[in-house]
There are 2 protein chains.
Amino acid sequence: MAQIRDVAKLAAVSPATVSRAFSDPSKLSTTTLERVLAAAEELKYKPSSLAQLFREKRTNTVLVMVPDIANVLFARVVSGIERVAVENKFNLIVSDTGDDAAIESVGVEMVETYRADGVIQLGERPLDQLHHEGEHCAIPFVQAISADPRGRYPTVGIDDRSAAAMMAEHLLACGHRRIGVLAGLKDRLVTQERLAGIRDALAARELPFDETMVAYGPYSMAGGENSAMRLLSRERNVSALFCMSDEIAIGAIRAAHDLGFNLPNDLSISGFDNIEFGKYCTPPLTTVMQPAERIGEVAMIHMCDILRGHAVTGIHEMLSTELVVRASVREVG
Amino acid sequence: MAQIRDVAKLAAVSPATVSRAFSDPSKLSTTTLERVLAAAEELKYKPSSLAQLFREKRTNTVLVMVPDIANVLFARVVSGIERVAVENKFNLIVSDTGDDAAIESVGVEMVETYRADGVIQLGERPLDQLHHEGEHCAIPFVQAISADPRGRYPTVGIDDRSAAAMMAEHLLACGHRRIGVLAGLKDRLVTQERLAGIRDALAARELPFDETMVAYGPYSMAGGENSAMRLLSRERNVSALFCMSDEIAIGAIRAAHDLGFNLPNDLSISGFDNIEFGKYCTPPLTTVMQPAERIGEVAMIHMCDILRGHAVTGIHEMLSTELVVRASVREVG
DNA sequence: ACATTCAATACAACCGGTTTCATTGCAAGC
DNA sequence: GCTTGCAATGAAACCGGTTGTATTGAATGT
């Protein structure tokens with residue numbers, strides 16, 4: 001591959017002039033500029049990003065840490081991040097962390113070793129658990145989706161508590177009183193927030209919350225199927241299931257079918273996230289729309305701001321959600 | 001951030017010694033090594049990847065071009081690539097190309113400008129359409145999933161033709177004779193291959209192939225729903241639908257439900273890919289298992305080989321598929 | 001005791017751009 | 001005509017590591 005010196009020689013100028021021809025053409029006379037560009041074209045010269053980035057001490061790269069890239073919700077967030085990244089000429093290194101703290105730590109280190117300029121994390125693990133060197137150097141960091149809004153870095157997500165309350169209220173308004181909850185993993189902030197939302201909705205109607213109606217499990221279809229099996233075989237007269245994700249709901253639908261329930265007549269099921277498959281379930285899933293792509297976009301916009309030197313510290317954006325009413329939740333007597 | 005010179009000064013050695021302490025500790029005496037490591041630790045020194053990579057003229061980074069990162073099948077392939085990448089200390093830059101040739105070209109250019117060492121492409125667009133500079137410089141390139149096996153680069157995928165034949169034969173063995181085909185986009189190699197497989201299966205039983213029973217459309221749920229609507233309202237006595245992807249099949253199930261079909265009694269539907277959601281469909285989807293993660297792994301293994309200098313040119317791996325029999329296809333008459 | 005050998009380390013060039021500072025030359029102003 | 005100012009360009013330092021070569025010094029052999 002041709003180098004800047006080759007071009008300089010062919011155009012009979014100095015390397016500095018060639019460099020300027022690309023970075024700030026207005027500094028060159030028209031004739032020189034033409035000569036340089038012609039020489040570059042002839043040699044098919046392309047500046048080495050590696051050399052440029054080394055000089056600048058920037059990578060123009062943002063690391064995205066995803067707990068599971070094969071999860072559609074996360075994939076949509078990444079898609080949004082990607083869109084804004086392209087617009088701003090950033091590259092994305094994507095790392096599937098499997099939600100492992102050690103792997104996330106290595107990711108954060110990539111900023112210190114100049115492999116990435118910043119990190120966008122999908123998940124709730126706070127930065128200080130990943131980076132023990134204190135104030136040694138500030139890591140440009142943004143958390144998206146199930147963020148922990150107590151950190152000093154920007155977070156982008158939804159108001160899980162009120163979104164869950166909205167859905168719970170919808171179930172209550174449909175007349176459901178015996179509502180089972182297929183929750184996600186118990187130790188997750190999201191899970192606790194959504195649970196709090198359900199409590200809020202019940203409290204608003206002065207109804208009691210029954211802890212025994214909650215089954216915890218992974219945020220996955222298999223997890224939902226499993227939890228539903230447990231809950232439905234234990235609690236006979238449940239009329240609705242509040243599932244904390246669409247995947248859990250899809251698993252629950254399978255379990256309910258297998259247990260002989262006629263959906264949605266015998267049992268209402270609600271989801272959370274509004275992934276595309278929900279629309280194609282039988283019955284189509286009533287759920288909460290979470291603007292996944294937009295969350296990704298906003299997260300990346302914040303990252304761009306930070307990397308441009310605009311200090312965005314305590315911003316915790318909560319994007320708006322929407323109730324998506326489909327057929328899986330029915331009114332009851 | 002501390003630099004190598006700082007460490008050298010503190011340990012009272014030359015920068016070269018510090019460098020060797022990390023790259024080849026055996027070259028140092030025990031006492032010096034200890035002193036250097038202690039100094040590095042004290043200053044929290046981490047070598048700048050940017051400087052190292054610039055020196056090496058390598059990026060340790062592979063670009064993965066994905067037509068749509070939010071597609072679960074592609075996401076699983078990326079997941080497999082990622083796994084092998086981590087093992088081999090490679091980073092992954094993921095680019096969502098939207099199946100756009102111009103964006104893919106820019107991606108390939110990243111190798112020329114030293115932003116990536118090689119490119120793994122998920123899709124079938126041949127390299128020579130993306131890189132017109134001929135033999136100017138060889139781009140380490142591997143194609144995965146719906147690869148075009150006529151190129152001079154390695155490809156990893158499945159034998160779409162015989163996999164489709166296997167599924168078609170299954171439908172025939174179940175007694176289906178009026179089989180509608182919900183095909184993908186007509187101009188895709190995959191589509192044509194799978195169509196050829198269907199023809200093979202019919203020919204093996206000396207049955208005719210009816211072109212009017214094919215509906216083309218995008219490889220998506222909406223596409224499948226649309227195609228199914230068109231085909232089912234036109235062709236009344238179809239007993240089975242061969243769908244070229246699980247997403248198409250899921251759309252078709254929705255359409256069939258909406259048209260009042262009782263599944264699977266009135267109509268059998270088969271998918272292709274074996275995405276996780278298929279198992280949770282109503283009825284659960286009979287499909288062809290495509291080893292997506294493994295395809296990603298093998299693709300990345302080839303990429304590692306190439307980048308280590310092992311010239312792997314004409315390898316076209318076809319990983320084995322499996323028929324996944326579930327409830328959406330029924331025996332008839 | 002002196003030559004030989006080898007391990008341990010230092011020195012300095014190098015990777016390929018960018019950028020500062022210096023220099024040149026031409027045009028405008030007095 | 002000489003100074004001043006500015007546009008155009010070149011020379012060289014620099015980014016922070018790695019590595020080939022030179023140097024030192026201690027151990028070994030005769």
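Throughout, a chain's letter reflects where its sequence line sits, starting with A, and its residues are numbered from 1. If you're wondering where the values come from, they're calculated on a predicted model, not measured in any experiment.
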- request: Step by step, work out the salt bridge (Lys or Arg N to Asp or Glu O under 4.0 Å) result for B:Arg188 and B:Asp160.
  value: CA-CA 12 Å; B:Arg188 293 290 168 78; B:Asp160 282 289; over 6 Å; no
Sugar-phosphate only, base, or nothing, as touched by B:Ala12 at under 4.0 Å among non-hydrogen atoms: sugar-phosphate
query: Looking at A:Ile81, A:Asp305, A:Ile295, which one forms a side-chain contact (heavy atoms from CB on, under 4.5 Å) with A:Met300?
result: A:Ile81
- prompt: Does a side-chain N or O from B:Ser23 land closer than 4.0 Å to OP1 or OP2 of D:dT18, or not?
  reply: no
message: Tell me if the aromatic rings of B:Phe54 and A:Tyr114 count as close, with their centers under 6.0 Å from one another.
response: no
For a quick test of your reading: what N or O donor-acceptor pairs under 3.5 Å do the side chains of residues 66-73 of chain A make, sequence neighbours left out?
{"from": "A:Asp68", "atom 1": "OD1", "to": "A:Ala70", "atom 2": "N", "distance (Å)": "3.0"}
{"from": "A:Asn71", "atom 1": "OD1", "to": "A:Leu73", "atom 2": "N", "distance (Å)": "2.8"}
{"from": "A:Asn71", "atom 1": "OD1", "to": "A:Phe74", "atom 2": "N", "distance (Å)": "3.2"}

- request: Taking only Lys NZ, Arg NE, NH1 and NH2, and the carboxylate oxygens of Asp or Glu, determine whether B:Arg83 and A:Asp96 approach each other closer than 4.0 Å.
  value: no
task: Could you tell me whether B:Val18 contacts a base, only the sugar-phosphate backbone, or nothing, with contacts defined as non-hydrogen atoms closer than 4.0 Å?
output: nothing
query: Just checking A:Leu28: base, sugar-phosphate only, or nothing, at a heavy-atom cut-off of under 4.0 Å?
result: sugar-phosphate
- request: Output the distance between atom CZ (A:Arg20) and atom NZ (A:Lys27), rounded to the nearest 0.5 Å.
  value: 6.5 Å
query: Could you give the start and end, 5' to 3', of the contact zone on DNA chain C for chain A, using atoms under 4.0 Å from its heavy atoms?
result: C:dG16 to C:dT20
field: First of B:Arg20 and B:Ser48 reached from the 5' end of DNA chain D, by closest nucleotide
entry: B:Ser48
message: Looking at every heavy atom in both B:Glu112 and B:Ile139, which two are closest together, and how far apart are they?
response: CG-CD1, 4.0 Å
Extract all donor-acceptor atom pairs below 3.5 Å that involve side chains of residues 4-11 of chain B and protein atoms in other chains or at least two apart in sequence.
{"from": "B:Asp6", "atom 1": "OD2", "to": "B:Gln3", "atom 2": "N", "distance (Å)": "2.7"}

- prompt: Looking for any heavy atom pair under 4.0 Å, which part of the strands does A:Tyr45 touch: base, sugar-phosphate only, or nothing?
  reply: sugar-phosphate
- request: Take the protein atom NZ of A:Lys9 and the nucleotide atom C1' of D:dG10, then report the distance between them rounded to whole Å.
  value: 15 Å
statement: d(B:Leu50 CG, A:Arg58 CZ) to nearest 0.5 Å is 10.0 Å
field: Sorted by number, the residues of residues 52-62 of chain B with heavy-atom contact under 4.0 Å to DNA chain C
entry: B:Phe54, B:Arg55, B:Lys57
message: Distance check, rounded to the nearest 0.5 Å: B:Ser79 atom OG versus B:Glu297 atom CD?
response: 8.5 Å
- request: Tell me which of A:Gln3 and B:Lys27 sits closer to the 5' end of DNA chain C, going by the nucleotide each one is nearest to.
  value: B:Lys27
task: Rounded to 10°, tell me the angle between the two end axes of the helix from C:dA1-D:dT30 to C:dC30-D:dG1, each built from five pairs.
output: 50°
- request: Mind checking side-chain hydrogen bond (donor to acceptor under 3.5 Å, both in side chains) for A:Tyr153 and listing every partner two or more places apart, or none if nothing turns up?
  value: none
task: For B:Thr17 and for A:Phe22, locate the closest nucleotide of DNA chain C by heavy-atom distance; then report the residue assigned to the nucleotide nearer the 5' terminus.
output: B:Thr17
message: Whole angstroms only, please: what is the CZ-C1' distance between A:Arg35 and D:dG10?
response: 13 Å
